[in-house]
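What follows is one structure encoded as structure tokens, with my remarks underneath.
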Number of protein chains: 2
Amino acid sequence: MLEDLEKVKDSILIKGIKTQELSSMLGCLRGVIKKYNKGETVISEGQKLEKFGILIEGNLQIVQYDYIGNKSVISVIQPKQIFGEAFAYVNKVSSFNVEAIENSQVLFLDSNKLSTPCENCCTFHKQLVKNLLFIISNKNVNLTQKIECMSKRTTKEKLLTFLSLESIKNKSKEFYIQYDRQSLADYLGVERSAMSTELSKLRKDGIIEFEKNWFKLL
Amino acid sequence: MLEDLEKVKDSILIKGIKTQELSSMLGCLRGVIKKYNKGETVISEGQKLEKFGILIEGNLQIVQYDYIGNKSVISVIQPKQIFGEAFAYVNKVSSFNVEAIENSQVLFLDSNKLSTPCENCCTFHKQLVKNLLFIISNKNVNLTQKIECMSKRTTKEKLLTFLSLESIKNKSKEFYIQYDRQSLADYLGVERSAMSTELSKLRKDGIIEFEKNWFKLL
DNA sequence: AAAAGTATGTTGGAAATCCAACGAGGTTAT
DNA sequence: ATAACCTCGTTGGATTTCCAACATACTTTT
């Protein structure tokens, strides 16, 4: 398990924690490794979360379904990123699914153990809580930005809001996005075909250029 | 200033912090009190946040505007609640406005001072970070739930998702909501009149009952 | 008490989105 | 190489939402 943790040693979660502390951290936070095949469900809606995950290998998506089956992609999880931490920390039932979109490997840590430092390892506890605060604050910012996109009334405005935020993030008018068309439509909460149509209109009107995942604001 | 802090002494932010520590906390985190009249702007979009606020008295709204002026209400701030903490902690530019909807009084605290405990007051520092983590985790959950509502495709589904989440929160089929019609429409990202029409339909179809802010799921 | 203002519900036509279906181009599997 | 599959863009009709305007009830101001 320690060698798995090695793979994510430059993650934000364990930044500033010494290598020799990692082993006691795994014990103290009840670390468990689980493996998932592509398509498998990692966390189900309604499941009570007590542990949060850090993705060691593979690729995950956080998604929600309505009763008809429409899918909304909340976010994409890359290796070294954590998920489920907010719900786990306040001990709430998950309101989303986490699905493996590639074969994946996840380390779960017990969030209830975070704020109750045992005597022998309180150095990493303090650092871990600080790191977690930073991560959750960032996620908060990202959720707020997703809401900024979704709260626009038309598909065109949603797209332009998303693209301009991406442009700012990448500090460039040109950038690659991490979503394919269907995922982007899910993220923005619109119909894929309608979105494609709007993208074409925006290109025809000379507002953007794009090819596959590459975009340029004009 | 200390007597202002007294008014919010049972807030989640300073829960578990001893009364005699509050004074040193105010000094250490550079506490500042500011007053706002109804309608005034507390935080403007684009403003770099280094302090977060705790509402002492009054009522605030976190809102966003698009370029046409459509308003989206992110959330309502009641006394004892904090705001701007995520953006302040990661030192980002605000992506929202905070507006006073009543005459209000706000205490601002410097979030950069949070993680750098001075020797003489590290007890409350640790507790404060824990409290903040709890608050931000909760907000995270709330943002996720707002996204859950907004990602539904029709106004009817958005309403039903919102109402069923409220019902769960209140652990009852009957409950009062904190939004008036316009604010609710803004929160869900839909047109007020269209929402009114859908509410009437839902009532006619025997799915819900409501009067003003009172709702009942059937 | 009258007037002004606010919140809610209703309406009908304009506009946008959704939905289902299809075609073009590219990739993967056999 | 062929077939099967997937992604993306396009189209047209059905559906939904938006928008502006107005009616009603209730609240606040004068």
Side-chain angles (χ1 to χ4, degrees), chain A residues 38-39 59 61 66-73 76 101-103 149-163 176-205 207-215, chain B residues 38-39 59 61 66-73 76 101-103 149-163 176-205 207-215:
Chain A
K38 178 175 177 173
N59 218 229
Q61 268 189 350
D66 62 19
Y67 63 88
I68 305 173
N70 285 319
K71 181 166 149 181
S72 174
V73 177
V76 176
I101 55 179
E102 288 175 22
N103 292 343
C149 293
M150 289 186 70
S151 62
K152 305 300 181 203
R153 301 305 167 79
T154 65
T155 301
K156 177 180 170 181
E157 280 182 277
K158 284 173 180 149
L159 275 169
L160 286 177
T161 303
F162 170 78
L163 291 174
Y176 290 84
I177 66 171
Q178 64 182 324
Y179 299 108
D180 62 23
R181 293 293 184 275
Q182 183 61 61
S183 296
L184 180 57
D186 289 339
Y187 176 85
L188 297 176
V190 297
E191 184 58 25
R192 181 197 61 79
S193 64
M195 188 187 78
S196 257
T197 305
E198 285 302 328
L199 279 173
S200 299
K201 260 190 217 164
L202 286 170
R203 173 156 55 191
K204 188 163 65 68
D205 293 349
I207 299 173
I208 64 173
E209 285 177 16
F210 63 92
E211 195 183 318
K212 296 193 174 178
N213 290 13
W214 172 85
F215 284 81
Chain B
K38 179 177 175 173
N59 218 229
Q61 268 189 351
D66 62 21
Y67 64 87
I68 305 174
N70 285 319
K71 181 166 148 181
S72 174
V73 177
V76 176
I101 54 178
E102 288 175 22
N103 293 342
C149 293
M150 291 186 64
S151 61
K152 305 300 180 200
R153 302 303 165 83
T154 66
T155 300
K156 176 180 171 181
E157 279 181 280
K158 283 173 179 143
L159 276 169
L160 286 177
T161 303
F162 170 78
L163 292 174
Y176 290 84
I177 66 170
Q178 65 183 322
Y179 299 108
D180 61 22
R181 294 294 184 277
Q182 183 61 62
S183 296
L184 180 57
D186 290 339
Y187 175 86
L188 297 177
V190 297
E191 184 58 25
R192 181 196 60 78
S193 65
M195 188 188 76
S196 257
T197 305
E198 286 301 329
L199 280 173
S200 299
K201 259 191 218 163
L202 287 170
R203 174 156 56 190
K204 189 164 64 69
D205 293 349
I207 300 172
I208 64 173
E209 285 177 18
F210 64 93
E211 195 182 317
K212 297 194 173 177
N213 290 13
W214 172 84
F215 284 82

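Protein chains get the first letters and strands the later ones, always in sequence-line order, with residue 1 at the start of each.
Between A:S196 and the phosphate of D:dT10, there is no side-chain N or O to OP1/OP2 separation shorter than 4.0 Å. At the phosphate of D:dT17, OP1 or OP2 sits under 4.0 Å from a side-chain N or O atom of B:T155. Between A:R181 and D:dG9 there is a side-chain polar atom (N or O) within less than 4.0 angstrom of OP1 or OP2.
One can place NZ of A:K201 at 15 Å from P of D:dG9, the figure rounded to the nearest angstrom. When rounded to the nearest whole Å, the span between CG of A:L188 and C1' of C:dT17 equals 14 Å. In this structure, the CG atom of A:L184 is 11 Å from the P atom of D:dG9, given to the nearest Å. Straight-line distance from the CD atom of A:E191 to the C1' atom of C:dA16: 13 Å, rounded to whole Å. Look at CZ on B:F210: it is 17 Å from P on C:dA7, rounded to the nearest Å. Straight-line distance from the CD atom of A:E211 to the C1' atom of C:dG26: 13 Å, rounded to whole Å. Between A:K212 atom NZ and C:dG26 atom C1' the separation is 7 Å, expressed in whole Å. Regarding A:L199, its CG atom lies at a distance of 17 Å from the C1' atom of D:dT11, rounded to whole Å.
Note on A:E198: only backbone sugar-phosphate atoms sit closer than 4.0 angstrom, heavy atoms only; bases stay farther off.
To the nearest 0.5 Å, the span separating NZ on B:K158 from CG on B:L188 amounts to 7.5 Å. Distance check: B:L184 CG to B:N213 CG gives 9.5 Å after rounding to the nearest 0.5 Å. Here A:E191 contributes atom CD and A:D186 contributes atom CG; the two are 9.5 Å apart, rounded to the nearest 0.5 Å.
Of the candidate nucleotides D:dT16, D:dC19, D:dG9, D:dG9 has the atom lying nearest to any side-chain atom of A:S200. Of the candidate nucleotides D:dT17, C:dT10, C:dT17, D:dT17 has the atom lying nearest to any side-chain atom of B:A194. The side chain of A:T197 sits closest to D:dT10 out of D:dG9, D:dT10, C:dT17.
When each of B:M195 and B:R192 is assigned the nucleotide of DNA chain D with its nearest heavy atom, B:M195 is the one assigned upstream, toward the 5' end.
At a cut-off of 3.5 angstrom, the base of D:dG9 holds no donor-acceptor pair with the side chain of A:R203. Side-chain atoms of A:S193 stay outside donor-acceptor range of the base of D:dC8, with no qualifying N/O pair under 3.5 Å.
Contact annotation: the side chain of B:I207 approaches that of B:L160 to within less than 4.5 Å [non-hydrogen atoms, C-beta and beyond].
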Is there a side chain to side chain contact (heavy atoms under 4.5 Å, CB included) between B:Y187 and B:V76 once you walk through the steps? CA-CA 10 Å; B:Y187 175 86; B:V76 176; over 6 Å; no
